[in-house]
Asks: 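One structure follows; several queries about it will come next.
In this chain, numbering begins with 1 at the start of the sequence shown. On a predicted model such as this, the values are computed, not experimentally measured, just so you know.
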Amino acid sequence: MFRKRLSKEIEVLRCGSSDLELLDRRTGFHVSIEAEEDSHLVQGGILSEEILNFLEPLGFLSEASIPDLRKRQRPFRVQLQKEARNELLMDFLDFSKREVPFYRTKGDYDIGRISDTSDLPLLPTLQKSDLRDNFITLLADSTDVSAGLADGQFSVARTSGTTDERVQVIADLGLDRVPPDYEKVWGINFDRTPRTAVLTTPLCSATECHLGRSTMEERTKFGIVLYLNSTEDLFSASEGLIRNVAEELWQFRPEILLVNPYYLLWFAREAQRLGVDLPAIELILTSYQFTSKVQRRALKQLFGAKIYNTYTATELSGCTVGVECKNGHWHVCENHTVIEIVEPNSAMPTEGVGSILVTPVAGRVMPLIRYDVGDLGRLVDIDCDCPLSDWQCFEFHGRRKDVLDVRGTVFTTKEVDDVICEIEHIDFYRCTQVEKAKLVLDVIPSPGFSIAAREISDRVRAALSSVDEIVFRQVNRLESESSMKFRLTASVT
């Protein structure tokens, strides 16, 4: 009977005298209500006045527009997600204190002082050196490494060494690597379990090391993931390797490529030069290093596929930090992690660009609390209408060590890339600060194009106003770091 009072777009999932579950099909907002003792939500087929007063501000009784509904419902969604985030955090902290020797024996890990995410600054931060020095004591007591390695649940993973010496961790291969409702999140529709081919540095795959010494069968995992051969010297990759990658892509026919964008773009350009066709790809997920808008634009032109960023770190043992949705927004993967954005020098919260601290609440193998991944980011208040709507949005700004400090004004990799990407026909670049106010910009243009030095220098100097001099160089290759990744920005002052 009470159904007449609700909007026609409200679906009644459950209805009893003491419990009620409703879904707004327009926005996906879900409400579950339980009555207090000796009270009733529905009597004689009529919703109580108290429940009607609760539902009315949410738009459950009206035919309002979707933007208006989202605006009305957002404060409730934010609060509910905050409670869910806190519940995951507290369960993780309780597990960590109980199961992990490192936290049990450290007096400054007083978990009892933490009641929600806002209390996390009361705890110390973890650095990469802590992982290196305390590998054994950071493993949970319930982690049977030998059994996990034997049955394929675990794998030994090593960082690439971009920010420091390489670190070894135990990766949990059982964790989901894609977000819930990933097809809707990315606006795709697969007619089978998608196959994924991985192309990155020989060092950088979180769970695999390969330098062309293993067969395609040995590099295929679970029948749906293929780790492609790679090279230690990208800009000298042989024709044989390019053809091998193309042949394996045709044989495997993946729907998804998970790639280091630098590597995929160079391989694709070389295949184009050699006249080697590549199969159609539905989705490209970039990871492993900062994805320049320059390379994203070129990959879109070459493949015509949807391209989205994913963000993780090997040290997190399989947990994902963030993912980009079809609307172009980065969301914190709140089923895996809690993140904080803090001042680099104080580890206290900031509303601006700051260091990213990660607490991977889904990690039960090698739990980390407030781990400093060495990256910069900023939380942003965006009401995204994708399926990940309730997860926080953030900007990723790149590595902390890659910032340019020009006369006291700091520019992140993202801020520099936002300028460089305004120039067309660039495939690769590196912007290096060589003096206090002097930059060297090395550029590899797209095939068949050259870059006007004056134009790019003027644009960069106009945007980065504290820069006095820019030296522009058009080059044929760029040098990688020891990790075999490529820095877009760097300072050698």
Side-chain angles (χ1 to χ4, degrees), residues 148-158 170-230 241 244-261 263-264 267-268 271 277-288 299 303-314 316-326 333 335-336 362-363 365 387-388:
L149 292 173
D151 65 17
Q153 176 72 18
F154 299 158
S155 177
V156 177
R158 296 174 181 84
I170 302 298
D172 184 353
L173 303 184
L175 291 172
D176 288 336
R177 302 303 174 95
V178 295
D181 291 329
Y182 65 89
E183 287 185 311
K184 293 181 180 178
V185 170
W186 292 321
I188 52 177
N189 184 24
F190 296 127
D191 56 9
R192 66 173 183 177
T193 300
R195 292 176 171 233
T196 301
V198 182
L199 178 62
T200 183
T201 77
L203 297 176
C204 199
S205 172
T207 56
E208 299 295 322
C209 270
H210 46 273
L211 284 169
R213 292 191 291 266
S214 53
T215 65
M216 180 178 175
E217 182 179 2
E218 291 170 329
R219 288 180 280 106
T220 302
K221 307 301 177 183
F222 313 112
I224 58 172
V225 179
L226 169 64
Y227 292 89
L228 295 163
N229 285 315
S230 190
L241 178 60
N244 168 261
V245 169
E247 289 168 4
E248 291 192 352
L249 285 175
W250 279 107
Q251 184 175 343
F252 192 66
R253 296 305 296 265
E255 287 82 8
I256 302 173
L257 292 181
L258 173 60
V259 300
N260 179 311
Y263 279 68
L264 179 61
F267 271 66
D277 290 333
L278 299 175
I281 301 296
E282 293 187 50
L283 176 66
I284 296 174
L285 299 177
T286 60
S287 191
Y288 305 107
L299 289 172
F303 288 92
K306 298 185 181 214
I307 304 174
Y308 300 114
N309 287 288
T310 61
Y311 175 35
T312 185
T314 304
L316 306 182
S317 299
C319 291
T320 302
V321 181
V323 63
E324 182 186 4
C325 73
K326 62 184 179 182
C333 288
N335 60 338
H336 277 200
V365 176
L388 306 181

Asks: Can you see which heavy atom on Ala157 is nearest to which on Ala171, and at what distance?
Replies: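 Heavy atoms only, the tightest pair is CB-CB, 4.0 Å.
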Asks: What donor-acceptor contacts under 3.5 angstrom involve side-chain atoms of residues 178-190, with partners at least two apart or in another chain?
Replies:
residue, atom, partner, partner atom, Å
Glu183, OE2, Phe190, N, 2.6
Trp186, NE1, Glu324, O, 2.9

Asks: Taking the side chain as everything from C-beta on, heavy atoms only, tell me whether His336 gets closer than 4.5 Å to Leu175.
Replies: yes
Asks: Looking at residues at least two apart in the chain, or sitting in another chain, which of them share a side chain to side chain donor-acceptor pair (under 3.5 Å) with Thr286?
Replies: Thr291, Asn309
Asks: Any heavy-atom pair between the side chains of Leu226 and Val198 that's under 4.5 Å?
Replies: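 Val198 vs Leu226: side chains apart.
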Asks: Tyr263 versus Ser230: any side-chain heavy-atom pair under 4.5 Å?
Replies: yes
Asks: I'd like to check the salt bridge (charged side-chain N to carboxylate O under 4.0 Å, His left out) partners of Glu255; sequence neighbours left out, ordered by chain and number.
Replies: Arg192
Asks: Kindly give the heavy-atom pair with the smallest separation between Phe267 and Leu199, and that separation in Å.
Replies: CG-CD2, 4.1 Å
Asks: Report the distance from atom CG of Leu285 to atom OG1 of Thr196, rounding to the nearest 0.5 Å.
Replies: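 So the gap between those two atoms works out to 7.5 Å.
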Asks: Taking C-beta and beyond as the side chain, do Leu249 and Leu228 meet within less than 4.5 Å on heavy atoms?
Replies: yes
Asks: Where is the tightest heavy-atom contact between Phe303 and Ala268, given as atom of each residue plus distance?
Replies: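 Shortest heavy-atom separation between Phe303 and Ala268 comes out as CE1-CB, 3.8 Å.
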Asks: Are Met216 and Asn229 close enough that some pair of their side-chain heavy atoms sits under 4.5 Å apart?
Replies: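 Sidechains of Asn229 and Met216: no contact.
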Asks: I want to check something: taking the side chain as every heavy atom from C-beta on, are Thr220 and Phe252 in contact at a cut-off of under 4.5 Å?
Replies: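 SC-SC contact between Thr220 and Phe252 confirmed.
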Asks: What heavy-atom pair brings Pro194 and Ile224 nearest, and what distance separates the two atoms?
Replies: O-CB, 4.1 Å
Asks: Please examine the side chains of Val156 and Leu149, heavy atoms only from C-beta on, and report whether any two atoms are closer than 4.5 Å.
Replies: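 The answer is yes, as the side chains (C-beta and beyond) meet within the 4.5 Å cut-off.
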Asks: Within the structure provided, determine whether Thr310 and Leu258 are in side-chain contact (heavy-atom separation under 4.5 Å).
Replies: yes
Asks: What closest approach, in Å, do Asp172 and Arg177 show between heavy atoms, and which atom pair accounts for it?
Replies: O-NH2, 3.4 Å
Asks: If you measure from OG on Ser317 to CZ on Phe154, what distance do you get to the nearest 0.5 Å?
Replies: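 One gets 9.5 Å once the value is rounded to the nearest 0.5 Å.
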Asks: Could you pull out the closest heavy-atom pair between Cys319 and Thr312, with the gap in Å?
Replies: O-OG1, 2.7 Å
Asks: When rounded to the nearest 0.5 angstrom, what distance separates CG in Leu257 from CD in Glu282?
Replies: 11.0 Å
